[in-house]
Trainee: 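A single structure is presented below for examination.
For this chain, numbers begin at 1 and follow the sequence in order.
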Amino acid sequence: MKSLEEQFNKLGEELKLTDKSKDQLKRKIMQNVHKSKKHNIKQYVWIAVAVCMLLMLTSPIYSPTMAKIAERILPISITPSFSDGQYNPDLTSQLAELANKEGYTVNFVGITPSPYIIEISLILKDSTLKQAINDLEAKITNYLYENGYDQYELKFSEEIEVPYHTNNQEDDTYEKVCEIVKQVFTANGYAQEADYELAGVKRTWFSNIVLIDMPDHIQQSEQIIADIDKEIKSQKLNVKDIEVTTFNFEHRRQDNRWAYISSDIYDAMAGKSTYQLTGLSYKVRKGHSYVSIKTDFNQPPSEEIIKEIEKAVQDYLALPETKEVIQDDKYTVQFLLKNEEESFIKITN
């Protein structure tokens, strides 16, 4: 029997597939084979190849069109992470939930984009790391493939559970300060501002310094700081000073909004080889939000892929919940080639 590589080469010659199209087709077939629980892998690879060849060779569609079809993957679905009253878990949360359902306690799930690695840290009690990998690796890999993720390498690690003590006053200084700051801002008529993280604590050898971010539009800032200081002293917290830094509140609000929006767009395609994403950056300048999604394409991808990305992004931006978050922001969303100087998609309002 001919090798799998020879079968693909023959298929490519007959259909006039590009190298890229053959790679896409090969990956799709291998993903389908991976899902199978049969043991005779070679036999089922050959069946998958034969079925694909039969469908393509008997189709009345011309070969270049078939090549484009071969490149298609699952449709892009960009889900808002900020839907009101609804929790939309990201990929890390989905994988943590999958591991939990298998009876494992997850310490964290982390993703790195370059190279694409998913690290799953487990807190193990009644099993070894080897047993956990045997139980989880195939299930998680299948889940990734079924959802179009084909670039991630899985890494498992074990975390030793360390008891957490909360009876130390030093441990909860930050929490108490944050609560004081929120109450004082709200009492002075700035409940909306109080919802943002405006306080921090810098620890020193013998005491703490409270850091306050003060929105620059607040007129009675001195009174607010005095009220915060008074409440800290009444609770006898270990604080020796308060340092205040002003900032543009509207700019920060817009920056926070686009942190969610840019992540939603990026996460929907990251880890899927068709889109070759390598990074994300965003910034707000003079009220205009700029989102730049970096790719590994040296040349623009096929027109089909471009249209698919554009449609998914436009549909996402047109959702009522997304429009509510965007408000009146001006924005530009662009997908960059590898040189990060040229864009092959630019969406702006």
Trainee: Measure from the side-chain N and O atoms of Thr246 to the backbone N and O of Pro215, and report whether any donor-acceptor pair falls under 3.5 Å.
Mentor: no
Trainee: Look up atom CG in Leu95 and atom CG in Leu144, then write down how far apart they are to the nearest 0.5 Å.
Mentor: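 One gets 5.5 Å once the value is rounded to the nearest 0.5 Å.
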Trainee: Under the criterion side chain to side chain contact (heavy atoms under 4.5 Å, CB included), I'd like the reasoning laid out for Val313 against Phe335: C-alpha separation, chi angles, the key distance, then a yes or no.
Mentor: CA-CA 11 Å; Val313 175; Phe335 286 74; 4.2 Å; yes
Trainee: Using 0.5 Å steps for rounding, measure from the CG atom of Asp264 to the OG1 atom of Thr322.
Mentor: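 These two atoms lie 7.5 Å from each other.
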Trainee: Taking CD in Gln219 as the centre, count heavy atoms belonging to other residues, nucleotides or ligands within less than 6.0 Å. Is the count above 12?
Mentor: no
Trainee: Could you tell me whether a side-chain N or O of Thr141 sits under 3.5 Å from a main-chain N or O of Ala138, the two making a donor and an acceptor?
Mentor: no
Trainee: Decide yes or no for Asn147 and Gln94: does some side-chain heavy atom of the first lie under 4.5 Å from some side-chain heavy atom of the second?
Mentor: no
Trainee: Nearest 0.5 Å, what's the CD-CG distance between Gln131 and Asp126?
Mentor: 11.5 Å
Trainee: Got a sec, which residues hit side chain to side chain contact (heavy atoms under 4.5 Å, CB included) with Asp227, two or more places apart in sequence or on another chain?
Mentor: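 Once residues adjacent in sequence are excluded, the partners of Asp227 under the side chain to side chain contact (heavy atoms under 4.5 Å, CB included) criterion are Val184, Asn188, Gln223.
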Trainee: Just by distance, no angles: are the side chains of Thr278 and Asp296 close enough, under 3.5 Å, to form a donor-acceptor pair?
Mentor: no
Trainee: Tell me if a side-chain donor or acceptor on Asn208 pairs with a main-chain N or O of Asn238 at a distance below 3.5 Å.
Mentor: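 It does hold such a pair.
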Trainee: So which heavy atom on Ser77 is nearest to which on Ala268, and how close?
Mentor: O-CB, 3.8 Å
Trainee: Applying side chain to side chain contact (heavy atoms under 4.5 Å, CB included), run through Thr92 and Ile118 and close with a yes or a no.
Mentor: CA-CA 8 Å; Thr92 58; Ile118 295 177; over 6 Å; no
Trainee: Take Ile133 and Lys130 through the side chain to side chain contact (heavy atoms under 4.5 Å, CB included) test and state the conclusion after the steps.
Mentor: CA-CA 5 Å; Ile133 293 173; Lys130 181 178 180 180; 5.8 Å; no
Trainee: Sort and list the pairs that fulfil ring pair (Phe, Tyr, Trp, His ring centres under 6.0 Å) and have at least one residue in residues 197-243, not counting sequence neighbours.
Mentor: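 For residues 197-243: His217-Phe249.
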Trainee: Work out which heavy atom in Leu337 is nearest to a heavy atom in Pro300; give both atom names and the distance.
Mentor: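 Answer, listing the atom of Leu337 first, then Pro300: CD2-N, 3.7 Å.
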Trainee: Any idea which heavy atoms bring Val106 and Ala96 closest together, and the distance?
Mentor: CG2-O, 3.8 Å
Trainee: Please say whether more than 12 non-hydrogen atoms of neighbouring residues, nucleotides or ligands are located less than 6.0 Å from CG in Asn339.
Mentor: yes
Trainee: Does any N or O in the side chain of Ser273 come within less than 3.5 Å of the main-chain N or O of Asp150, such that one atom is a donor and the other an acceptor?
Mentor: no
Trainee: Classify the angle between the aromatic ring planes of Phe185 and Tyr190 as parallel (below 30°), tilted (30 to 60°) or perpendicular (above 60°).
Mentor: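 The arrangement is perpendicular - the two ring planes meet at more than 60°.
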Trainee: Kindly work out whether a path of hydrophobic side-chain contacts (I/L/V/M/F/W/Y, heavy atoms less than 4.5 Å apart) joins Phe247 to Val181.
Mentor: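 They do share one cluster, since a chain of ILVMFWY contacts under 4.5 Å joins Phe247 to Val181.
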Trainee: Can you sort out the partners of Lys307 under side chain to side chain contact (heavy atoms under 4.5 Å, CB included), two or more places apart, ordered by chain and number?
Mentor: Glu303
Trainee: Please round to the nearest 0.5 Å and tell me the distance separating atom CD1 of Ile78 and atom NZ of Lys311.
Mentor: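 Going from CD1 on Ile78 over to NZ on Lys311, the span is 10.5 Å.
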Trainee: Tell me, do Asn349 and Lys330 make a side-chain contact under 4.5 Å, heavy atoms counted?
Mentor: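 They are in side-chain contact.
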Trainee: Could you tell me if the side chain of Ile76 sits less than 4.5 Å from the side chain of Lys272, heavy atoms only?
Mentor: no
Trainee: May I have all residue pairs that pass side chain to side chain donor-acceptor pair (under 3.5 Å) and include part of residues 96-105, sequence neighbours excluded?
Mentor: Tyr104-Asp135
Trainee: What's the shortest heavy-atom distance between Lys323 and Ala318, and which atoms?
Mentor: CD-O, 3.3 Å
Trainee: Please tell me whether Leu136 and Phe108 are part of a single hydrophobic cluster in this structure, the criterion being side-chain heavy atoms less than 4.5 Å apart.
Mentor: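 Different clusters.
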Trainee: Can you measure from CD1 (Ile224) to CG (Asp229) and round to the nearest 0.5 angstrom?
Mentor: 14.0 Å
Trainee: State whether the number of non-hydrogen atoms from other residues, nucleotides or ligands found under 6.0 Å of Glu222 atom CD is greater than 12.
Mentor: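 12 or below, so no.
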Trainee: Output the rest of the hydrophobic cluster of Ile209: all Ile, Leu, Val, Met, Phe, Trp and Tyr residues reachable through side-chain heavy-atom contacts under 4.5 Å, sorted by chain and number.
Mentor: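 Members other than Ile209 - counting any ILVMFWY side chain reachable under 4.5 Å - are Leu211.
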Trainee: Might you point out which heavy atoms bring Tyr152 and Tyr116 nearest each other, and give the distance in Å?
Mentor: CE2-CD2, 3.2 Å
Trainee: So do the side chains of Glu308 and Tyr275 get within less than 4.5 Å of each other, counting heavy atoms only?
Mentor: yes
Trainee: Stepwise, does the side chain to side chain contact (heavy atoms under 4.5 Å, CB included) test hold for Ile326 with Leu317?
Mentor: CA-CA 8 Å; Ile326 290 175; Leu317 294 173; 3.9 Å; yes
Trainee: Would you tabulate the side-chain donor-acceptor contacts of residues 252-260 under 3.5 Å, counting partners in other chains and residues two or more places apart, or write 'none'?
Mentor:
residue: Arg252; atom: NH1; partner: Asp213; partner atom: OD2; Å: 3.2
residue: Arg252; atom: NH2; partner: Asp213; partner atom: OD2; Å: 3.4
residue: Arg253; atom: NE; partner: Tyr196; partner atom: OH; Å: 3.4
residue: Arg253; atom: NH1; partner: Glu250; partner atom: OE2; Å: 3.3
residue: Gln254; atom: NE2; partner: Gly287; partner atom: O; Å: 2.9
residue: Gln254; atom: NE2; partner: Ser289; partner atom: OG; Å: 2.8
residue: Asp255; atom: OD2; partner: Tyr282; partner atom: OH; Å: 3.3
residue: Arg257; atom: NE; partner: Val325; partner atom: O; Å: 3.2
residue: Arg257; atom: NE; partner: Asp329; partner atom: OD2; Å: 3.0
residue: Arg257; atom: NH2; partner: Asp329; partner atom: OD1; Å: 2.8
residue: Arg257; atom: NH2; partner: Asp329; partner atom: OD2; Å: 3.0
residue: Trp258; atom: NE1; partner: Ser289; partner atom: OG; Å: 3.0
residue: Trp258; atom: NE1; partner: Asp329; partner atom: OD2; Å: 2.9

Trainee: With a 4.5 Å cut-off on side-chain heavy-atom distances among I, L, V, M, F, W and Y, is there a chain of contacts connecting Ile261 to Val284?
Mentor: no
Trainee: For Tyr266 and Ile293, which heavy atoms make the closest approach, and how far apart are they?
Mentor: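 Looking at all heavy atoms of both residues, the shortest contact is CD1-CG2, 4.1 Å.
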Trainee: Is the closest side-chain heavy-atom distance between Ser221 and Val244 below 4.5 Å?
Mentor: no
Trainee: Is a side-chain N or O of Thr295 found less than 3.5 angstrom from the main chain of Leu336, in a donor-acceptor match?
Mentor: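 Yes, Thr295 side chain to Leu336 backbone: donor-acceptor pair under 3.5 Å.
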Trainee: Give the cluster check for Ile117 versus Leu277: same hydrophobic cluster or not, with ILVMFWY residues linked at side-chain heavy-atom distances below 4.5 Å.
Mentor: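 Not linked; separate clusters.
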Trainee: State plainly whether one hydrophobic cluster holds both Leu122 and Leu154, where clusters connect Ile, Leu, Val, Met, Phe, Trp and Tyr through side-chain heavy atoms under 4.5 angstrom apart.
Mentor: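 Cluster IDs for Leu122 and Leu154 match.
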Trainee: Quick one: pull up CD1 in Ile228 and NZ in Lys230 and give me the separation to the nearest 0.5 Å.
Mentor: 13.5 Å
